[in-house]
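Let me give you the structure first, and then I'll get to my questions.
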Protein chains: 4
Amino acid sequence: MVILVAMPRTAPEPRRLGRPPASDAHDTRQRILDGARAAFAEHGYDATTNKHLAVAAGITTGALYHYFDSKFDIYVAVHADAQERVYSRFTHAVADTTTFIGGIQAVLDAAHEMNTVDPTLAQFLGAVRVDMQRHPELRSALGRHARRRRGFFDELVERGIETGEIDVTDRERAQSLVRAMLIGLNDAVSDDLTAHRLAVEGLKLLLEGKLLKPVD
Amino acid sequence: MVILVAMPRTAPEPRRLGRPPASDAHDTRQRILDGARAAFAEHGYDATTNKHLAVAAGITTGALYHYFDSKFDIYVAVHADAQERVYSRFTHAVADTTTFIGGIQAVLDAAHEMNTVDPTLAQFLGAVRVDMQRHPELRSALGRHARRRRGFFDELVERGIETGEIDVTDRERAQSLVRAMLIGLNDAVSDDLTAHRLAVEGLKLLLEGKLLKPVD
Amino acid sequence: MVILVAMPRTAPEPRRLGRPPASDAHDTRQRILDGARAAFAEHGYDATTNKHLAVAAGITTGALYHYFDSKFDIYVAVHADAQERVYSRFTHAVADTTTFIGGIQAVLDAAHEMNTVDPTLAQFLGAVRVDMQRHPELRSALGRHARRRRGFFDELVERGIETGEIDVTDRERAQSLVRAMLIGLNDAVSDDLTAHRLAVEGLKLLLEGKLLKPVD
Amino acid sequence: MVILVAMPRTAPEPRRLGRPPASDAHDTRQRILDGARAAFAEHGYDATTNKHLAVAAGITTGALYHYFDSKFDIYVAVHADAQERVYSRFTHAVADTTTFIGGIQAVLDAAHEMNTVDPTLAQFLGAVRVDMQRHPELRSALGRHARRRRGFFDELVERGIETGEIDVTDRERAQSLVRAMLIGLNDAVSDDLTAHRLAVEGLKLLLEGKLLKPVD
DNA sequence: AATGAATGAGACTTCATTCAT
DNA sequence: CATGAATGAAGTCTCATTCAT
């Protein structure tokens with residue numbers, strides 16, 4: 001006896017021409033952005049192709065251009081989106097603290113938690129700096145955002161000077177160091193959650209003077 | 001009857017085919033490597049074209065293939081070359097010190113000096129990590145080198161444990177932190193010599209416990 | 001119980017789906033034709049996109065397909081429309097004259113006046129010949145119209161033979177020349193009203209034998 | 001018994017990778033130009049694809065870019081080539097004459113002969129005016145050449161004024177008319193050799209006052 | 001009757017690589 | 001050893017057309 005059953009197809013049919021049923025512009029746009037963040041984070045601006053972006057969003061390459069004028073514009077939009085998410089979170093975290101060390105630790109904790117929830121954010125923002133350096137157009141398009149980022153950490157140092165944690169003559173040293181440390185944490189270890197947690201713990205100890213004991 | 005006379009050419013001919021008289025294989029190979037380091041550092045693996053590499057070496061794209069089988073191989077060779085230069089220098093610098101802090105400081109000083117003499121080294125090594133992440137082939141080809149890099153810093157931490165500067169229970173925290181810090185210094189500020197110096201000074205102060213004063 | 005109240009909208013909604021209340025099919029069709037004539041005249045068949053046509057008609061690209069099956073069909077319809085306007089005007093103008101020279105002058109005057117009122121007509125008809133040559137489909141679709149055009153001028157020559165202005169042995173020379181002259185006037189100078197007027201005046205003088213004086 | 005013979009292949013093998021034997025840069029470049037002239041003349045700038053140009057030259061689309069930076073540049077190069085050929089010929093032809101009418105007739109004869117030998121020249125130059133109107137980039141790139149063209153005919157009118165054939169007050173009428181007539185001859189009938197000859201003969205008669213007899 | 005999301009084919013261009021010279 | 005002509009695959013983007021709403 002043979003039983004014929006309507007089998008669910010294993011490979012999804014290629015979509016038909018024309019507007020698909022149940023399509024929603026806002027949804028699609030967000031799918032493009034989310035897929036693009038992951039793709040750009042993994043492959044960088046150059047190596048991420050149109051095809052990557054389209055497949056990640058479940059559409060064809062042509063349809064991308066219904067939402068954005070160019071791959072470049074997609075990158076810029078992803079960046080604005082990511083930057084907004086991260087720094088609004090950081091700003092909230094820092095608002096609950098009063099000291100420099102407290103602020104740094106709050107940022108580290110927030111970064112670690114965000115990285116746990118969605119690692120593509122950190123990966124993408126780490127990749128941005130490199131892509132910006134490699135592509136002058138990106139540099140000028142994202143420059144404004146980059147200044148916001150820097151401003152955020154400079155204000156944290158300023159707070160440290162006000163509280164007396166940092167000597168005013170060390171302002172610039174502290175600014176450069178903070179930038180280097182946080183970028184290091186992001187770029188070096190954010191792709192390995194355990195290493196990230198360890199480095200964050202190590203840095204907290206170091207800041208509190210508990211990591212190193214002097215020997216003569 | 002035909003008379004052959006050596007005619008003086010009025011206009012300089014474009015370079016002829018065949019082996020140019022003054023070429024030296026070893027020289028050319030090194031020119032390729034040096035030019036490629038700068039190019040890869042600036043544009044990354046993808047955006048660096050064979051034309052870039054050829055022009056930087058003063059030859060044509062076809063000639064590249066006398067020295068290397070592919071662009072990929074050139075990248076690997078540049079990496080081996082750069083890695084060797086940097087870590088033999090670091091090894092020497094560390095050999096003159098006995099403590100963890102002393103070793104770190106010696107590495108920082110060496111890094112800053114190398115960066116002053118030839119910034120393409122630091123830039124290239126910063127770019128490598130990104131390119132490795134973006135290209136699986138590179139990851140597997142350069143993995144061995146990466147392990148050497150990591151081993152170098154892990155040994156420095158080991159030394160800190162032996163001298164008592166670092167508690168053995170903090171080993172992994174220290175390892176992750178050292179990696180993050182040095183990568184941060186390289187990636188975040190090595191393109192700006194002043195910022196690099198400031199961050200290095202800041203880090204030295206921090207390690208000595210002199211950057212931050214606790215407030216309650 | 002449900003209370004329905006006509007709510008005043010605060011912000012004007014983007015146009016809703018469905019049939020707009022104030023639309024008139026015939027109007028829209030003519031708007032498409034008028035906009036298309038100008039667009040095809042300016043950019044030609046290839047470079048004119050459906051987006052151009054839609055914007056010029058104040059609708060979207062999808063809506064074009066309610067009125068025409070394809071861009072090709074729009075072109076054909078524009079051509080029929082333009083041809084009809086021009087040649088009904090020419091036919092009237094010629095009807096008031098009796099000689100070959102009189103007919104030609106009437107046509108020249110009519111052409112100049114139409115060009116003053118709406119230059120897109122002349123521009124479009126000038127563009128058609130080129131587009132026909134470039135696209136075999138257009139050639140076969142518009143061939144019938146082209147034969148009408150040619151017939152019109154051939155009849156004018158025929159009249160010249162009847163009146164004795166043109167020797168019957170010169171029939172074909174005159175036909176070819178008339179075609180070349182009128183096309184030249186249209187293509188070469190119809191985009192510059194002053195030049196067009198000057199050329200028309202010059203041609204009238206030439207036909208009357210007053211432009212050139214023989215020298216030996 | 002089986003006899004094996006080297007059979008000539010009916011379909012030519014696709015060319016292999018790498019430099020083909022017996023390849024010559026200058027030859028290829030000229031093949032590109034010649035093929036492009038015909039293609040641009042037939043299909044116009046827009047509808048002529050890379051593939052057309054490549055096939056006409058017997059190479060692949062990629063190889064085109066070994067010789068020119070863009071399709072645009074190929075068009076410009078074809079134009080410079082065509083313009084040079086035509087106007088150096090015209091200049092020679094006119095040099096043997098002394099009157100306006102003589103010059104015009106010499107030009108007409110030269111045009112007809114060139115058109116007999118290689119019709120693509122006239123076709124291409126006819127197409128240029130249209131393409132220039134449709135593409136602003138072409139307009140600015142070819143503007144200089146266009147002015148030369150116009151200058152040539154204006155000088156012929158100047159000569160007519162000097163010889164007394166044309167009244168000085170008719171200068172601009174004559175200029176516009178000459179332009180329109182020659183463009184008409186080129187655009188309207190140059191694709192039909194017989195019609196071209198007939199129109200040229202008709203124009204000569206008209207200029208000599210022998211085509212039309214006045215009736216009252 | 002109209003919108004606008006989506007497809008798919010194809011255009012222009014770049015580039016790593018190959019190979020005759 | 002070196003040049004530079006050529007390929008072929010792939011990438012970004014455009015556009016006529018289709019179709020759910």
Side-chain angles (χ1 to χ4, degrees), chain A residues 14-25 27-29 46-54 58-67 69-72, chain B residues 14-21 23-25 28 46 48-54 59-67 69-72, chain C residues 14-21 23-25 28 46 49-54 59-67 69-72, chain D residues 14-25 27-29 46-51 53-54 58-67 69-72:
Chain A
R15 186 110 47 81
R16 305 266 302 293
L17 214 63
R19 180 179 191 154
S23 66
D24 175 66
D27 245 47
T28 306
R29 203 190 135 94
D46 284 308
T48 297
T49 68
N50 261 343
K51 196 91 178 65
H52 286 142
L53 300 178
I59 53 178
T60 58
T61 57
L64 290 175
Y65 293 83
H66 194 63
Y67 294 91
D69 283 347
S70 64
K71 172 176 156 179
F72 179 83
Chain B
R15 176 113 70 116
R16 311 276 292 290
L17 291 187
R19 177 180 188 159
S23 68
D24 173 331
T28 306
D46 286 306
T48 297
T49 67
N50 278 352
K51 194 95 178 66
H52 284 144
L53 301 179
I59 54 177
T60 58
T61 56
L64 290 175
Y65 288 80
H66 279 282
Y67 296 91
D69 283 347
S70 65
K71 175 177 158 180
F72 178 83
Chain C
R15 175 113 71 115
R16 310 276 293 288
L17 289 187
R19 177 179 187 159
S23 67
D24 174 331
T28 306
D46 286 305
T49 68
N50 278 352
K51 193 94 178 65
H52 285 143
L53 301 179
I59 54 176
T60 57
T61 56
L64 290 174
Y65 288 80
H66 279 282
Y67 297 91
D69 283 346
S70 65
K71 174 176 158 181
F72 178 83
Chain D
R15 187 111 46 81
R16 305 267 302 292
L17 214 63
R19 178 177 191 155
S23 67
D24 175 66
D27 244 47
T28 306
R29 202 189 135 95
D46 284 308
T48 297
T49 69
N50 261 344
K51 195 90 178 66
L53 300 179
I59 54 179
T60 60
T61 57
L64 290 175
Y65 293 82
H66 195 63
Y67 294 91
D69 283 346
S70 64
K71 173 176 155 180
F72 179 83

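Naming convention: chains lettered A, B, ... in sequence-line order (proteins, then strands); numbering from 1 in each chain.
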Could you tell me whether the side chain of A/Thr60 reaches within less than 4.5 Å of the side chain of A/Tyr65, counting heavy atoms only?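 Heavy-atom side-chain distance check fails, nothing below 4.5 Å.
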Please tell me if D/Thr60 has a side-chain N or O lying less than 4.0 Å from either OP1 or OP2 of F/dA5.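 So the side chain of D/Thr60 is outside the cut-off, no N or O lying under 4.0 Å from OP1 or OP2 of F/dA5.
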Per-residue pairing states of DNA chain F in dot-bracket (Watson-Crick or G-U under 3.5 Å; . unpaired, | other strand) read .||||||||||||||||||||
What distance do B/Asp46 atom CG and B/Lys71 atom NZ have between them, rounded to the nearest 0.5 Å?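 Here the interatomic distance stands at 6.0 Å.
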Quick one: pull up CG in C/Leu53 and CG in C/Leu64 and give me the separation to the nearest 0.5 Å.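 Spacing of CG (C/Leu53) from CG (C/Leu64) equals 6.0 Å.
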Counting distance only, does the side-chain N/O of A/His52 pair as donor-acceptor with the main-chain N or O of A/Thr49 below 3.5 Å?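 Yes: the side chain of A/His52 pairs with the backbone of A/Thr49.
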Roughly how many Å is it from OH in A/Tyr67 to C1' in E/dT7, rounded to a whole number?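 About 13 Å, once rounded to whole Å.
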Which residue lies more 5' along DNA chain F, comparing A/Ala63 with B/Leu64 via nearest heavy atoms: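 It is B/Leu64, whose closest nucleotide lies nearer the 5' terminus.
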Can you tell me how far P of F/dC19 sits from CG of C/Asp69, to the nearest Å?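 In whole Å, F/dC19 P and C/Asp69 CG are 13 Å from each other.
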Strictly under 3.5 Å: I want the nitrogen or oxygen pairs between protein and nucleotides 9-12 of chain E, one per line.
residue : atom : partner : partner atom : Å
E/dC12  : OP1  : D/Thr48 : O            : 3.4
E/dC12  : OP1  : D/Lys71 : NZ           : 2.6
E/dC12  : OP2  : D/Asn50 : N            : 2.5

Output the rounded distance in Å from CD1 (B/Ile59) to C1' (F/dT3).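 My rounded result for the distance is 11 Å.
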side-chain N/O C/His66 vs E/dA2 OP1/OP2, d < 4.0 Å: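 For E/dA2, neither OP1 nor OP2 has a side-chain N or O of C/His66 closer than 4.0 Å.
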